[in-house]
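Below is one structure, written out as structure tokens; the observations come after it.
Residues take their numbers from the sequence shown, with the count starting at 1.
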Amino acid sequence: MIGVGGQGVQVNLSNFLTYGDCRVIAVCDAFMDRADRARNIVNEAYGSNDCKAVQDFRELLADPGIDAVVISTPDHWHVPMSLMALEAGKHVFSEKPTHSIDEGRQLINAFANSDKVFQGGIEDRSKIHFHKMVEWVKNGAIGDLERVDVIMPKGNDVEFDEISPVPETLDWNLWQGPAEHREYSWNRVSGRGWRQIGIYSKGAILDIGTHLVDTAQLGINDPHGVAVEASGTGMIPEGRLSDVPLEYDLIYRYSNGVELSVRNGEGAVRDPASCFIQFTGSKGWIKRDGWHGPLEASDREILRARYKPEESKHWPIPKSEQRNFVDCIRSGEQTSYPPQALHEMCTTLHMGVMAIELGRALQWDPDAEAFINDDEANKRRFTPPARNWESV
């Protein structure tokens with residue numbers, strides 16, 4: 001387990017500890033005190049003292065006794081660490097999203113030539129509410145799909161705080177990794193901070209979008225799997241530590257003619273009440289208002305539609321992403337969220353961020369994986385060259 005903060009412990013570690021056919025044998029975090037706490041959780045769960053806790057993830061990659069790694073770090077580490085783990089011969093489960101469009105293509109190419117499996121850490125495909133929405137849409141329950149509306153929380157407005165001494169338990173060089181070097185301050189590493197700082201993450205659009213917009217794209221069912229146009233407006237603060245879109249109102253168009261609206265509501269980041277998705281078709285609509293809200297439809301009969309597995313145009317609901325990962329390691333089958341799916345989802349969302357940053361509509365060629373007639377946008381497909389963190 002690499003990265004044992006909130007998501008790493010409360011979601012990923014807690015799930016893997018319940019499986020009898022795999023064993024957590026090591027934990028790692030740039031904050032050594034977090035690694036120590038996670039080790040205690042593992043040892044208590046197994047009734048042993050066997051779990052190893054380290055600060056440098058490279059120690060785990062060099063361990064031949066480890067078959068797979070689970071990466072729950074800030075976003076800028078997801079793909080670089082996944083590629084290093086693959087090179088070390090490990091299966092990889094990584095949280096979402098990618099940090100740039102090109103990173104997704106790197107993942108696809110690397111795992112295409114490997115016998116290892118990759119699983120993206122996105123749970124929505126195994127959540128019954130979202131699965132049923134897509135199934136009803138794909139099977140024509142609301143007629144021909146015309147439009148999808150998604151509302152998500154705003155980003156956090158994080159102010160600069162005082163540069164301070166690096167905590168004794170933190171390896172600040174490892175935390176930063178390939179990102180540009182900055183002096184340490186708490187707001188940079190806090191959960192509400194790093195997600196709003198461009199060198200580490202791209203904000204709420206990529207954070208929550210990889211949930212709700214994934215469901216939207218599955219229902220849109222465009223053969224390209226990605227939007228071909230993005231436009232809209234947003235608010236990027238000035239003179240703040242936050243430097244990504246905190247507010248946004250985006251319109252995506254797909255090659256099959258469906259339009260997707262993605263905008264922020266009034267809630268703060270990760271507010272479950274500020275999550276909304278609605279599919280509108282020629283014969284009706286389906287929606288879910290709130291992350292835990294009930295399914296609603298223009299006609300209750302839509303919600304009663306059932307399809308036999310051999311008749312449905314949508315795949316059977318997969319097991320949780322953690323359980324699916326272990327099963328696919330054993331079977332060699334493709335996971336429920338492979339590199340291609342992660343790449344397509346993140347490409348659409350990165351396009352929205354870039355449309356706001358550049359102040360213009362962007363057209364995407366999904367076959368060439370490039371923007372049409374826009375040199376500046378194409379430059380932004382790539383992450384800046386990595387800092388030489390290994391020599392520090």
Side-chain angles (χ1 to χ4, degrees), residues 71 73-87 91-114 116-125 134 150 178 201-203 205-230 250 252-256 260 262 315 318 321 324-325 328 333-355 362-372 374 377-384 386:
I71 299 169
T73 64
D75 300 352
H76 68 291
W77 258 126
H78 291 166
V79 172
M81 201 174 284
S82 293
L83 296 176
M84 291 177 71
L86 175 63
E87 186 176 355
H91 301 282
V92 178
F93 178 113
S94 175
E95 281 298 327
K96 50 75 181 172
T98 63
H99 196 220
S100 69
I101 291 176
D102 180 66
E103 282 192 343
R105 172 47 57 188
Q106 291 180 47
L107 271 185
I108 293 170
N109 292 346
F111 280 87
N113 299 314
S114 169
K116 304 302 179 185
V117 303
F118 175 91
Q119 172 72 297
I122 303 177
E123 65 266 24
D124 302 67
R125 294 187 177 188
V134 174
V150 166
S201 180
K202 299 302 179 183
I205 294 173
L206 268 291
D207 180 25
I208 306 300
T210 39
H211 294 283
L212 294 175
V213 179
D214 179 57
T215 297
Q217 287 201 153
L218 288 178
I220 290 170
N221 203 30
D222 189 285
H224 290 116
V226 62
V228 296
E229 182 176 305
L250 297 167
Y252 294 101
R253 183 176 58 81
Y254 291 78
S255 66
N256 61 7
L260 166 64
V262 179
W315 56 64
E321 66 273 27
N324 179 258
F325 178 54
C328 290
E333 296 177 353
Q334 181 171 271
T335 62
S336 57
Y337 215 92
Q340 183 73 36
L342 183 65
H343 178 48
E344 291 172 346
M345 164 53 36
C346 292
T347 294
T348 293
L349 297 170
H350 281 299
M351 287 169 58
V353 173
M354 293 163 64
L362 301 174
Q363 283 75 45
W364 179 254
D365 181 337
D367 296 319
E369 291 194 354
F371 292 101
I372 299 172
D374 198 319
N378 279 317
K379 290 178 183 177
R380 297 188 183 209
R381 289 180 297 155
F382 301 90
T383 304

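- Rounded to the nearest 0.5 Å, atoms CE (M351) and CZ (R380) are 14.5 Å apart.
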Determine whether E229 and Y254 satisfy the following criterion, side chain to side chain contact (heavy atoms under 4.5 Å, CB included), listing intermediate values before the conclusion. CA-CA 7 Å; E229 182 176 305; Y254 291 78; over 6 Å; no
Side chain to side chain contact (heavy atoms under 4.5 Å, CB included) for E95 and T73? Distances and angles first, verdict last. CA-CA 7 Å; E95 281 298 327; T73 64; over 6 Å; no
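- The side-chain heavy atoms of V228 and Q363, taken from C-beta on, include no pair separated by under 4.5 Å.
- Shown here for S114 and L86, the closest heavy-atom pair between the two residues is OG-CD1, 3.2 Å.
- Between E87 and L83 there is no side-chain heavy-atom pair separated by less than 4.5 Å.
- Atom CG in L260 sits 8.0 Å away from atom OG1 in T348 (nearest 0.5 Å).
- Side-chain contact between L107 and V92 is absent, with no heavy-atom pair separated by less than 4.5 Å.
- For residues 209-218, every residue pair satisfying the salt bridge (Lys or Arg N to Asp or Glu O under 4.0 Å) rule, not counting sequence neighbours, is listed here: R125-D214.
- Two residues are said to be in side-chain contact when any heavy atoms from C-beta on lie closer than 4.5 Å; V262 and Y252 meet this criterion.
- A donor atom on one side chain and an acceptor atom on the other are not found under 3.5 Å apart for E103 and H78.
- A salt bridge does not link K96 to D75: none of the charged nitrogens lies less than 4.0 Å from a carboxylate oxygen.
- A distance-only check finds no donor-acceptor pair linking the side chain of Y337 to the backbone of E321 [under 3.5 Å].
- Note that CZ of R105 is 12.5 Å distant from OG of S100, once rounded to the nearest 0.5 Å.
- Annotation: side chain of D207 is not in contact with side chain of S201 (no heavy-atom distance under 4.5 Å).
- Between T215 and V134, the closest heavy-atom pair is O-CG2, 3.6 Å.
- Listed for the N324 side chain is no donor-acceptor partner under 3.5 Å among the backbone atoms of T335.
- To the nearest 0.5 angstrom, L362 atom CG is 5.0 Å from F371 atom CZ.
- Interatomic distance, CG of L212 versus CG of D124, reported as 7.0 Å (0.5 Å rounding).
- In this structure, W77 and P178 have side chains that are in contact, with non-hydrogen atoms separated by less than 4.5 Å.
- Nearest heavy atom pair, residue I101 against residue H343, reads O-CE1, 3.2 Å.
- Although no hydrogens or angles enter the test, the distance criterion places no donor-acceptor pair under 3.5 Å between the side chain of N378 and the main chain of A370.
- Across all non-hydrogen atoms, the minimal contact from S255 to H224 is OG-ND1, 3.1 Å.
- For T383 and H99, the side-chain atoms include no donor-acceptor pair closer than 3.5 Å.
- The backbone N or O of E369 sits less than 3.5 Å from a side-chain atom of R381, completing a donor-acceptor pair.
- L342 contributes atom CG, which lies 9.0 Å from atom OG1 of T347 (distance to the nearest 0.5 angstrom).
- Between A355 and A230 the shortest heavy-atom distance is CB-O, 4.0 Å.
- Between the side chain of Q217 and the backbone N or O of G225, at least one donor-acceptor pair lies under 3.5 Å.
- Looking at every heavy atom in both residues, C346 comes nearest to T98 through CB-OG1, 3.2 Å.
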Steps toward side chain to side chain donor-acceptor pair (under 3.5 Å) verdict (Q119, S336): CA-CA 7 Å; Q119 172 72 297; S336 57; 3.1 Å; yes
